[in-house]
Amino acid sequence: MNHLLEINNLDVKFDTDEGRITAIDNVSLTLDQGKVLGIVGESGSGKSVTAKSIMQLNPGNTIYNDDAKIIIDDENVLKFTSKNDLKKIRGGKVSMIFQEPMASFAPAIKIGHQMVEQLMLHKPLDKKKAKHISIDMLNRVGIADAEKRFNQYAFELSGGMRQRAMIAMALSTMPKLLLADEPTTALDVTIQAQVINLMKDIIKEFNMGVIFITHDLGVIAQVADDVAVMYLGSVVERGPVNEILKNPKHPYTRGLLNALPDINNLDAPLKPIPGNIPSPLDRPTGCVFRTRCPDPTHECKEGSIEMGLVEVSPGHWVDQCCINCG
Amino acid sequence: MSENILSVNNLSVSFDYQENFLSKKQKIKAVNNINIKIKKGSFFGLVGESGSGKTTLGRAILGANKISEGNVIFHDDERDFDLTSITSKEMKEYRKKAQLIFQDPYAALSPRMTVRDIIAEPLEVMKITKSREETDEKVREIASKCRLNLEHLRRFPHAFSGGQRQRISIARALVSNPKFIVADESVAALDVSIQADILNLLKKLQEELNLTYLFISHDLSVVAHVCDIVAVMYLGHIVEMAPSRELFSNPRHSYTKALLSSIPSIDPENKSKAIELKGEIPSAMNPPSGCVFRTRCPNPTHDCKEGHIEMGLIEVSPNHWVDQCCVNCG
C-alpha cells in the first residue's frame with residue numbers, strides 16, 4: 001500500500017542577513033492513513049518548519065533542495081507552483097490547526113462566514129449547503145448551540161471553544177491529512193483533555209492521517225502511534241510510541257524524558273539536558289547533538305561521524321552516531 | 001517574631017465593569033474571601049485554570065491591585081506591613097522586600113538596555129546603592145548566583161535564549177535582596193529541559209538567600225515537584241489546600257481530582273480516561289450562587305445543585321483544607 005504522505009531527504013534553508021541558516025537537514029518521514037505521527041522537540045528544532053513545508057507555507061526566503069520530495073497521492077507537492085495546485089494542498093487535501101486559536105481567526109469577521117468562505121473555495125457548493133455543513137461540523141466537535149455560535153465573532157468564544165471551532169473548520173473540507181501544530185499548548189489541562197479526546201474520536205471517524213506537533217511528551221503518549229524526535233533540524237530517533245518512550249536509545253530522547261516532572265515520583269530530581277541548543281548559525285558539524293551529549297565518544301566529539309538513521313529493532317530508527325553514547 | 005511571612009485574611013478583590021457608558025456599573029469579584037498564611041522559607045504553590053484569579057491574588061499581595069475587602073499583612077523581622085493602610089513611603093520599603101518574576105522572559109526585558117542596566121535598575125530606582133562601584137558589585141554578585149556569565153552583562157537581551165533571559169529576570173528580582181518572591185507562571189513559556197534547569201535554580205536560590213516563594217502555575221506536575229504546600233483556586237475561591245504530597249496522593253475536592261486526572265500520562269499504555277469536566281469555567285460576571293463549582297461538579301448532591309451551601313474551607317485532616325460543600329461530592 002502506498003503511504004499517505006512521504007517526505008524524502010528534505011532540506012530547508014533560510015536566507016537571512018546573517019547568512020544562510022539550515023532549518024531542516026535531511027528529514028525523511030512517512031505517514032499512513034488513519035495514523036497519528038507525533039513530532040517532538042524543543043523550540044527551534046524544526047517541527048513547525050517541517051509541517052509548513054508540506055503546505056509550502058514557509059516565508060519567501062526559504063530554499064528547498066532539488067532532490068527533496070514530499071509525496072501525497074503520487075504527486076510531489078513541493079514542486080507545486082500554480083494557484084490551482086496549491087489550493088489542493090492548502091485546505092483541500094491538507095488542513096492545518098495552529099497553536100493560538102485567537103490569532104487564527106480574523107477578529108472582525110463572523111466565524112460562520114469564515115467557515116463558509118473557505119468551504120466554498122475548495123468544494124463546489126452553494127452558500128446554503130456550505131452553511132449546513134459548517135453548522136453540522138460545529139455540532140460534531142461538541143459546540144453547544146452551534147447555530148448561535150455560527151453567527152458570533154472569535155472574541156465571543158472561550159479558548160477551548162475557539163480551538164474546537166478551528167478543528168471544525170479544518171475538518172469541514174474532509175482533508176486526508178491534518179497538520180496539528182501545538183493544538184493544545186495554549187489550553188488549560190481540563191480543556192486539553194477534552195480536545196485530545198475529541199481529536200482521537202474524529203481521527204477514527206474520518207480515517208485521516210495526522211501529524212501532531214507538540215513539545216509535551218505526555219500528550220504524545222496519549223495520541224500518537226509513531227513518534228519522531230527532532231533536534232536542531234534533524235530527526236534523531238523515530239519509531240512506535242511505546243518503543244520510543246519506554247526504550248529510548250538516543251541520549252536526547254532520554255534527556256527530554258528525564259527533564260519531565262513526574263507526578264508519580266516526586267522524589268526524582270529534575271535533570272536538565274546540559275548546555276544550550278546551539279544557534280542555527282553555528283550548527284555543529286557531524287552529529288548535531290555532540291555539543292550536549294553527556295557521554296560522547298572520541299570520534300563524535302571531533303564531529304567526523306555523519307548523521308544517519310539506522311534501524312535498531314523493527315521500526316525503531318536511531319541516529320547512528322548516538323546509538324552507543326551515554 | 002512570627003513564623004509566617006505573609007498573612008492574607010478574608011481578602012477580596014473586585015473590579016468595576018461597565019458594559020457601555022449608559023449601563024449600570026457592576027462589580028466583578030475576581031478574588032473572593034481568601035485566607036492563607038505563608039510560612040517563612042516555604043515554597044507555596046497556587047494552581048488553577050485561566051480565569052481562576054491566581055494572578056490577581058498574586059498582584060494584590062504585592063500591592064499592585066487594590067484590595068476591596070480584608071487585608072494582607074507582611075511580617076518583616078522588625079515590623080509588619082499592613083497593605084490596606086500602607087503609606088507610599090512604606091510601600092517603597094515593602095517593594096524592596098517583595099518582588100515579582102514574570103511569565104514571559106521575552107516581554108519582560110527592555111530590548112534597549114544592557115543586561116547590566118536591567119539588573120541594576122531596581123537598585124537605582126530604590127536608591128539602595130550609593131555609588132556606581134557598589135551597584136556594579138551587587139549586580140555581579142547576583143548575576144553569578146543566577147549562573148549568568150559575567151562577560152554577558154554588556155550584551156543586550158536579544159542575544160540570549162529563553163532560559164538565559166529568565167535567569168536575567170530572576171537576577172533583577174533578587175538584586176534588591178528581597179525576602180518574598182511571587183513567581184507568576186515563571187516556567188510556563190520554557191521548554192522542558194530549560195524548565196527543569198530554572199526550577200532547580202529557584203530551589204538553590206531559596207536555600208542560599210533564605211527566600212519564600214508564592215509560585216503561581218497551571219502545571220500540576222511542576223507544582224507537585226517544587227512546592228511544599230499547594231492551594232487550588234477555582235473562580236476566585238480556594239477550594240482545597242494541603243501539603244503537596246498529601247494533596248497529590250489524597251485529593252478530596254472533585255475539581256482537584258479532575259485536574260489531576262487530566263494530566264496526560266507519559267505511559268502510552270495508560271490511556272485512563274480523564275474525569276471530564278463538562279463545559280468551561282463560568283464567567284466571573286455572574287458566578288453560580290453557593291458552591292461555585294456546582295455547575296461542573298460530576299456528582300453534586302441535591303443541596304449543592306440548588307446553590308444553598310455556603311463556601312468555606314474545613315480541615316479534614318491536619319493542614320488539609322477542603323471546601324465544605326464538596327467534601328462529600330464526586
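Chain identifiers are assigned alphabetically (A, B, ...) following the order of the sequence lines, protein sequences preceding nucleic acid strands; residue numbering begins at 1 within each chain.
- Per-residue counts of heavy-atom pairs under 4.5 Å with chain B were compared for A:Leu266, A:Leu217, A:Ile263, A:Val189; the largest is that of A:Leu266.
- Taken from CG in A:Leu245 to OG in B:Ser265, the straight-line distance is 9.5 Å, to the nearest 0.5 Å.
- The CD atom of B:Gln195 sits 8.0 Å away from atom NE2 of A:His215, with the distance rounded to the nearest 0.5 Å.
- Using a 4.5 Å heavy-atom threshold, the side chains of A:Glu42 and B:Val192 count as separate.
- Around CD of B:Glu151, the count of heavy atoms belonging to other residues, nucleotides or ligands within 6.0 Å does not exceed 12.
- Taking NE2 of B:His218 as the start and OG1 of A:Thr190 as the end, the distance is 11.0 Å to the nearest 0.5 Å.
- Salt-bridge annotation for A:Lys271 and B:Asp197: absent, with no side-chain N of the basic residue lying under 4.0 Å from a carboxylate O of the acidic one.
- Contact annotation for B:Asp219: neither backbone nor side-chain heavy atoms come within less than 4.5 Å of a heavy atom of chain A.
- To the nearest 0.5 angstrom, A:Asn242 atom CG is 4.5 Å from B:Glu269 atom CD.
- For CD of A:Glu147, the number of neighbouring non-hydrogen atoms (other residues, nucleotides, ligands) closer than 6.0 Å is 12 at most.
- For B:Leu260, the part lying under 4.5 angstrom from a heavy atom of chain A is the side chain only.
- Around atom NZ of A:Lys200, more than 12 heavy atoms belonging to other residues, nucleotides or ligands sit under 6.0 Å away.
- Heavy atoms of other residues, nucleotides or ligands lying less than 6.0 angstrom from CD of B:Glu208 number more than 12.
- For A:Asn265, the part lying near chain B is the backbone, with the side chain staying farther off; criterion is any non-hydrogen pair under 4.5 Å.
- Residue with the most contacts toward chain B among A:Leu260, A:Leu256, A:Asp262: A:Asp262 (heavy-atom pairs, distance under 4.5 Å).
- Residue with the most contacts toward chain A among B:Val226, B:Ile194, B:Val223, B:Asp267: B:Asp267 (heavy-atom pairs, distance under 4.5 Å).
- Your options are B:Ser262, B:Gly162, B:Gly163, and the one with the most heavy-atom pairs under 4.5 Å with chain A is B:Ser262.
- Ranked by heavy-atom pairs under 4.5 Å with chain B, the list A:Ala259, A:Ala268, A:Pro272 is led by A:Pro272.
- Counting non-hydrogen atoms of neighbouring residues, nucleotides and ligands closer than 6.0 angstrom, the CZ atom of A:Phe14 exceeds 12 such neighbours.
- Here the CG-CD1 distance, from A:Asp216 to B:Ile266, works out to 7.5 Å after rounding to the nearest 0.5 Å.
- For the atom pair A:Ile277 CD1 and B:Ser193 OG, the distance stands at 9.0 Å (nearest 0.5 Å).
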